[in-house]
2 protein chains.
Amino acid sequence: MTPTPDRGPDRGPDRGLDRRLDQAAELCRARGQSLTPLRRRVLEIVLEADRPLGAYDVLEILAEERGRVAPPTVYRSLDFLLDQGLVHKVLSVNGFVACSDTARPHAAELFICRHCGNAVEVARKAADPRLEETAAGLDFAIESVVLEVRGRCADCRADA
Amino acid sequence: MTPTPDRGPDRGPDRGLDRRLDQAAELCRARGQSLTPLRRRVLEIVLEADRPLGAYDVLEILAEERGRVAPPTVYRSLDFLLDQGLVHKVLSVNGFVACSDTARPHAAELFICRHCGNAVEVARKAADPRLEETAAGLDFAIESVVLEVRGRCADCRADA
DNA sequence: TATGACATGTTATAAAGTATCGAGAATGAC
DNA sequence: GTCATTCTCGATACTTTATAACATGTCATA
């Protein structure tokens, strides 16, 4: 389902990249935070990627643009974006993906293809009742949930 | 709920440790694999711990017993135990926990306390229908699922 | 006793992440 | 305006986690 090609905010070569970045900036501002040029650029890099990027992947891209960049520079920006819910961390691959729905923080389900590395995010509508039940049984207070599904995506299955 | 103190295979100071190790050995043997002394000891170390252990925690314990031990020694044993479904990897903390039900490989839900670090495993009875649905919608073939819940366990909530 | 398969030891290095200190810019109080 | 505070970022050094590559040991058996 491609976006309508001749109108709408998502047309053009960057698929609404600027719009999403502006939205993110606005979101931060509304929270009294600031999406600085560095943070904005890091978010852009993650948005542009078609798969989870490692912190050092981001670092490399930044380094090409502005010379030597040290790890803390990247990790600080990524941590900020994580805090703001603008990116998710993918534990399975030590990587980061842009959040597909930045409207509000949410637990994400990630479907990660072992073949092409692509990661699709599916927002979780509501708390999983089974999980809630189990937690209640254990008298365990849930703070966050990591749910990552690994397998093979449609495209890669078709290719095979 | 302590095990019956005066009878049964789980009594004694090691709560059935030897029994579980013997079971594991039998399981490996049935598969044409071998739970060597090193692998058995690594499994024992993980079983004895009351929280997920890092590879280097295991390494340190081994090193006390047999002098210098290099990382590959530990990682190889842990990888073997992972393959055999005898331990799980906890991505949230880069650690390893013993599997509580080694009868057959299974996806596990892990409830990890942010305070004490304890990790409780709950075997997943069946495939999550919601997850299956989502995967079907994406035409995504699930191979494995990581589900880690972070929060506060009963004991730590009581203490607070 | 050769040989083949597997397990382990050894060395070196890659990859991921953090602690800390200090300089400079932005913000707000006065 | 200017001073103090806070935030952001750069830079250095380091820790933790993980793997590659190759050598050696062990054991069954042909």
Side-chain angles (χ1 to χ4, degrees), chain A residues 24-25 28-29 31-46 49 51-84 86-97 117 146 148, chain B residues 24-25 28-29 31-46 49 51-84 86-97 117 146 148:
Chain A
C28 292
R29 209 156 49 74
R31 290 174 183 154
Q33 302 290 317
S34 163
L35 190 68
T36 63
L38 175 65
R39 290 166 177 171
R40 185 180 174 109
R41 178 63 187 130
V42 170
L43 176 55
E44 188 178 28
I45 288 169
V46 175
R51 60 180 177 85
L53 287 188
Y56 282 76
D57 295 330
V58 175
L59 189 153
E60 209 169 304
I61 293 171
L62 279 179
E64 282 170 14
E65 298 168 2
R66 44 178 88 192
R68 175 174 158 70
V69 173
T73 299
V74 177
Y75 279 104
R76 276 190 296 232
S77 287
L78 287 170
D79 285 346
F80 173 85
L81 297 172
L82 282 173
D83 282 349
Q84 299 303 316
L86 295 168
V87 303
H88 295 294
K89 176 146 200 196
V90 190
L91 293 178
S92 305
V93 298
N94 291 320
F96 300 84
V97 287
V146 174
E148 299 182 9
Chain B
C28 292
R29 209 156 50 73
R31 292 175 182 153
Q33 302 290 316
S34 163
L35 191 69
T36 63
L38 174 64
R39 291 166 175 172
R40 185 181 173 108
R41 179 59 188 132
V42 169
L43 176 55
E44 188 177 29
I45 288 169
V46 174
R51 61 182 176 85
L53 286 188
Y56 283 76
D57 294 330
V58 175
L59 189 154
E60 207 169 306
I61 293 170
L62 279 178
E64 280 170 15
E65 298 168 3
R66 44 179 88 191
R68 174 175 159 70
V69 173
T73 300
V74 177
Y75 280 102
R76 278 191 293 233
S77 288
L78 288 171
D79 285 346
F80 173 85
L81 297 172
L82 282 173
D83 282 348
Q84 298 304 313
L86 295 168
V87 303
H88 295 293
K89 176 145 202 197
V90 190
L91 293 178
S92 306
V93 298
N94 290 318
F96 300 84
V97 288
V146 174
E148 299 182 8

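Chain letters run A, B, ... following the sequence lines, proteins first and then strands; every chain starts at 1.
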Asks: Enumerate all atom pairs, one protein N or O and one N or O from nucleotides 23-29 of chain C, separated by less than 3.5 Å.
Replies:
none

Asks: I need the minimum non-hydrogen distance between A:Val146 and B:Ser92, along with the two atoms involved.
Replies: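 Smallest heavy-atom distance, with atoms named: CG2-OG, 4.3 Å.
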Asks: So how far is it from B:Asn94 CG to A:Leu91 CG, rounded to the nearest 0.5 Å?
Replies: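 The distance works out to 8.5 Å.
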Asks: Supply the atom-to-atom distance A:Asp79 CG to A:Phe96 CZ, rounded to the nearest 0.5 angstrom.
Replies: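 Taking CG in A:Asp79 and CZ in A:Phe96, the distance rounds to 7.0 Å.
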Asks: Once you round it to whole Å, what is the distance between C1' of C:dC6 and CG of B:Asp83?
Replies: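 Nearest whole value for this atom pair: 15 Å.
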Asks: Between the protein and nucleotides 4-8 of chain D, which nitrogen or oxygen pairs come in under 3.5 angstrom?
Replies:
from  : atom 1 : to      : atom 2 : distance (Å)
D:dT8 : OP1    : A:Arg39 : NH1    : 3.0
D:dT8 : OP2    : A:Arg39 : NH2    : 3.3
D:dT8 : O5'    : A:Arg39 : NH2    : 3.4

Asks: Take atom CG of A:Leu53 and atom P of C:dA15, then tell me their distance rounded to the nearest Å.
Replies: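 My rounded result for the distance is 15 Å.
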Asks: Once you round to the nearest 0.5 Å, how far does CG of A:Asp57 lie from CZ of A:Arg51?
Replies: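 Nearest 0.5 Å value for the CG-CZ distance: 5.5 Å.
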Asks: Using OP1 and OP2 only, check whether a side-chain N or O of B:Thr73 sits under 4.0 Å from C:dT8.
Replies: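 So the side-chain polar atoms of B:Thr73 never come under 4.0 Å of the phosphate oxygens OP1 or OP2 of C:dT8.
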Asks: Between B:Gly117 and B:Pro52, which heavy-atom pair has the shortest distance, and what is it?
Replies: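 Shortest heavy-atom contact: O-CD, 3.0 Å.
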Asks: For residues 62-70 of chain B, dump all side-chain donor-acceptor pairs below 3.5 Å to protein atoms at least two apart in sequence or in another chain.
Replies:
from    : atom 1 : to      : atom 2 : distance (Å)
B:Glu65 : OE1    : B:Arg41 : NE     : 3.1
B:Glu65 : OE2    : B:Arg41 : NE     : 3.0
B:Glu65 : OE2    : B:Arg41 : NH2    : 2.4

Asks: Could you state the interatomic distance from CG (A:Leu43) to OG1 (A:Thr36), rounded to the nearest 0.5 Å?
Replies: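 It comes to 10.5 Å.
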Asks: In whole Å, what is the span from the CG atom of B:Leu59 to the C1' atom of C:dT8?
Replies: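 Distance check: B:Leu59 CG to C:dT8 C1' gives 14 Å.
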Asks: Does B:Gln84 reach the main-chain N or O of B:Cys28 with its side chain, forming a donor-acceptor pair under 3.5 Å?
Replies: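 Flag not set: sc B:Gln84 to bb B:Cys28 has no pair under 3.5 Å.
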Asks: Can you give one letter per nucleotide of nucleotides 17-25 of chain D, 5' to 3': B if a protein heavy atom sits under 4.0 Å from the base, S if only from the sugar-phosphate, - if neither?
Replies: BBBBB----
Asks: Starting at CG of A:Leu78 and ending at C1' of C:dA16, how long is that distance when rounded to a whole Å?
Replies: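 In whole Å, C:dA16 C1' and A:Leu78 CG are 12 Å from each other.
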Asks: With a 4.0 Å cutoff (strictly under), does any side-chain N or O of A:Arg66 reach OP1 or OP2 of D:dC9?
Replies: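 No.
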Asks: For a quick test of reading the model, state the closest non-hydrogen atom pair linking A:Pro71 to A:Tyr56 and the distance between them.
Replies: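 Closest approach of A:Pro71 to A:Tyr56: CG-OH, 3.5 Å.
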Asks: Supply the atom-to-atom distance B:Asp83 CG to B:Leu78 CG, rounded to the nearest 0.5 angstrom.
Replies: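 B:Asp83 atom CG to B:Leu78 atom CG measures 11.0 Å (nearest 0.5 Å).
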Asks: Dump every N/O contact between nucleotides 26-30 of chain D and the protein below 3.5 Å, one line per pair.
Replies:
none

Asks: Output yes when a side-chain donor or acceptor of B:Arg39 lies under 3.5 Å from a complementary backbone atom of B:Leu81, and no otherwise.
Replies: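 No, because the side chain of B:Arg39 does not come within donor-acceptor range (under 3.5 Å) of the backbone of B:Leu81.
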Asks: Run the side chain to side chain donor-acceptor pair (under 3.5 Å) test against A:Arg76 and tell me which residues pass, sequence neighbours left out.
Replies: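 Not a single residue meets the side chain to side chain donor-acceptor pair (under 3.5 Å) criterion with A:Arg76.
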Asks: How many angstroms lie between atom CD1 of B:Ile45 and atom CG of B:Leu53, to the nearest 0.5 angstrom?
Replies: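 Reported value, rounded in 0.5 Å steps: 8.0 Å.
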